[in-house]
Protein chains: 2
Amino acid sequence: MTNQIDRFFSALSDPTRRAVVEQLIDGPAAVSALHDGHAMALPTFMKHLKVMEDSGLVTSTKKGRVRTYQMRQDALRAGADWLNAHRTMWEARMDRLSRLADHMERTRS
Amino acid sequence: MTNQIDRFFSALSDPTRRAVVEQLIDGPAAVSALHDGHAMALPTFMKHLKVMEDSGLVTSTKKGRVRTYQMRQDALRAGADWLNAHRTMWEARMDRLSRLADHMERTRS
DNA sequence: CTATAAGTTAGCTATTTAGCTAAGTGTCTT
DNA sequence: AAGACACTTAGCTAAATAGCTAACTTATAG
């Protein structure tokens with residue numbers, strides 16, 4: 001039942017996974033390079049990578065014994081769009097409210 | 001250990017909770033008004049509201065027997081900022097790469 | 001050809017999450 | 001004062017998540 005945007009936000013709700021995004025923005029990297037510096041067992045870390053891949057954030061390809069992860073094109077688009085759209089609606093509403101307050105201020109008996 | 005941004009993304013990873021955000025953008029609403037149309041028991045629904053309040057997305061106040069929820073000022077800001085910043089970095093990198101590819105194209109023997 | 005390196009798979013535990021029902025607490029309304 | 005209304009609390013279950021170790025597979029290096 002959980003759809004893509006659920007998985008997207010869920011993937012970003014963990015600091016380990018956000019760190020991976022930040023690292024991958026600088027370019028593709030192998031599992032062990034990504035794992036470096038994370039104080040957790042490799043299989044645990046690999047579960048995070050799987051979550052990220054399932055969420056559409058990243059893709060991976062294997063060559064020889066090394067698997068390389070990379071950001072996916074437009075990975076951050078859908079979530080950013082959702083947030084920007086809703087933030088815009090919210091700010092528009094705040095605007096209307098403050099204009100209304102202004103008006104009531106100016107026209108008070 | 002889970003920090004505010006974890007909770008923020010986690011709160012938005014559920015469709016029920018995103019629907020509540022959308023409803024609250026139109027203005028504050030009482031628990032039962034928010035609950036309307038969601039096919040789940042009220043206590044279950046209230047847990048979602050608690051998650052949202054803990055995440056900093058919304059606040060609530062109680063007057064008489066009615067509790068009213070409202071969007072919090074700048075609720076969507078932190079998450080939108082994170083995403084926009086990272087998307088920008090990513091797109092800048094893509095730009096550099098495509099300029100590089102161009103250059104190699106033009107200077108090939 | 002053996003050893004090491006890079007992942008992977010399997011299987012376990014603890015915690016969190018999402019759902020439920022039943023019963024309780026105040027606050028209106030009549 | 002009684003009943004209805006709007007939550008709230010308590011306590012349960014099932015499934016998902018995050019972590020671990022141990023053992024396995026497949027490349028590459030020597």
Side-chain angles (χ1 to χ4, degrees), chain A residues 1-24 27-71 79, chain B residues 1-24 27-71 79:
Chain A
M1 256 313 115
T2 71
N3 61 40
Q4 210 61 17
I5 189 134
D6 288 16
R7 275 198 266 264
F8 172 87
F9 283 124
S10 185
L12 292 181
S13 73
D14 181 285
T16 298
R17 295 190 293 249
R18 288 195 306 278
V20 170
V21 167
E22 294 179 354
Q23 189 167 350
L24 288 182
V31 170
S32 40
L34 291 167
H35 178 225
D36 244 45
H38 293 277
M40 71 181 60
L42 181 60
T44 304
F45 185 75
M46 284 182 35
K47 275 199 202 166
H48 285 295
L49 295 178
K50 180 167 188 344
V51 167
M52 296 181 76
E53 192 155 16
D54 290 348
S55 79
L57 232 36
V58 304
T59 54
S60 72
T61 52
K62 193 165 183 175
K63 188 173 224 171
R65 57 184 170 175
V66 96
R67 180 177 294 278
T68 300
Y69 278 86
Q70 54 218 274
M71 280 308 274
Chain B
M1 256 314 113
T2 71
N3 62 41
Q4 210 59 18
I5 190 135
D6 288 15
R7 275 197 265 267
F8 172 87
F9 282 124
S10 185
L12 292 182
S13 73
D14 182 286
T16 298
R17 295 191 293 250
R18 287 196 307 278
V20 169
V21 167
E22 292 179 356
Q23 190 167 349
L24 288 182
V31 170
S32 40
L34 291 167
H35 179 224
D36 245 45
H38 292 278
M40 70 182 62
L42 182 58
T44 303
F45 185 75
M46 286 184 33
K47 275 200 203 166
H48 285 295
L49 295 179
K50 180 168 188 342
V51 167
M52 296 180 77
E53 192 155 17
D54 290 348
S55 79
L57 232 37
V58 305
T59 54
S60 73
T61 53
K62 193 165 184 174
K63 188 174 225 171
R65 58 186 168 171
V66 166
R67 181 176 293 278
T68 300
Y69 277 87
Q70 54 218 276
M71 280 308 275

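Only a predicted model underlies this, so the values are computations on that prediction, with no experimental measurement involved. A, B, ... follow the sequence lines: proteins, then strands. Residue 1 opens every chain.
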DNA chain D contacts among residues 32-41 of chain A, heavy-atom distance under 4.0 Å: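 Hits under 4.0 Å, by residue number: Met40(A), Ala41(A).
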side-chain contact (heavy atoms from CB on, under 4.5 Å) between Leu34(B) and Gln23(B), intermediate numbers included: CA-CA 8 Å; Leu34(B) 291 167; Gln23(B) 190 167 349; 3.7 Å; yes
Rounded distance (Å) that lies between atom [atom2] of [N] and atom [atom1] of [X]:
| X | N | atom1 | atom2 | answer |
| --- | --- | --- | --- | --- |
| Leu42(B) | dA10(D) | CG | C1' | 15 Å |
| Asp54(A) | dA16(D) | CG | P | 14 Å |
| Leu49(A) | dA18(D) | CG | C1' | 14 Å |
| Asp6(B) | dA18(D) | CG | P | 10 Å |
| Asp14(A) | dT17(D) | CG | C1' | 10 Å |

Touch class at under 4.0 angstrom, heavy-atom based, for Lys47(A) against every strand present: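 Touches a base.
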Boundaries of the DNA chain C segment in contact with chain B, non-hydrogen, under 4.0 Å: dA18(C) to dC28(C)
Nearest-nucleotide 5' precedence on DNA chain D, Thr44(A) against Arg67(B):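 Its nearest nucleotide being more 5', the pick is Arg67(B).
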Whichever of Val66(B) and Val51(A) has its nearest DNA chain D nucleotide further upstream toward 5':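 Nearer the 5' end of the strand: Val66(B).
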Atom pair [atom1] ([X]) and [atom2] ([Y]), whose distance is rounded to the nearest 0.5 Å:
| X | Y | atom1 | atom2 | value |
| --- | --- | --- | --- | --- |
| Gln70(B) | Leu24(B) | CD | CG | 8.5 Å |
| Phe45(B) | Asp36(B) | CZ | CG | 9.0 Å |
| Leu49(A) | Tyr69(A) | CG | OH | 4.5 Å |
| His48(A) | His38(A) | NE2 | NE2 | 9.0 Å |
| Lys47(A) | Thr16(A) | NZ | OG1 | 13.5 Å |

Residues Leu42(A), Val31(A); criterion side-chain contact (heavy atoms from CB on, under 4.5 Å); working and verdict: CA-CA 9 Å; Leu42(A) 181 60; Val31(A) 170; 3.9 Å; yes
Sub-4.5 Å side-chain heavy-atom contact between Arg17(B) and Leu12(B): no
4.5 Å side-chain heavy-atom contact, Asp6(B) and Arg18(A): yes
Dump every N/O contact between nucleotides 24-30 of chain D and the protein below 3.5 Å, one line per pair.
residue: dA27(D); atom: N3; partner: Arg65(A); partner atom: NH1; Å: 3.3

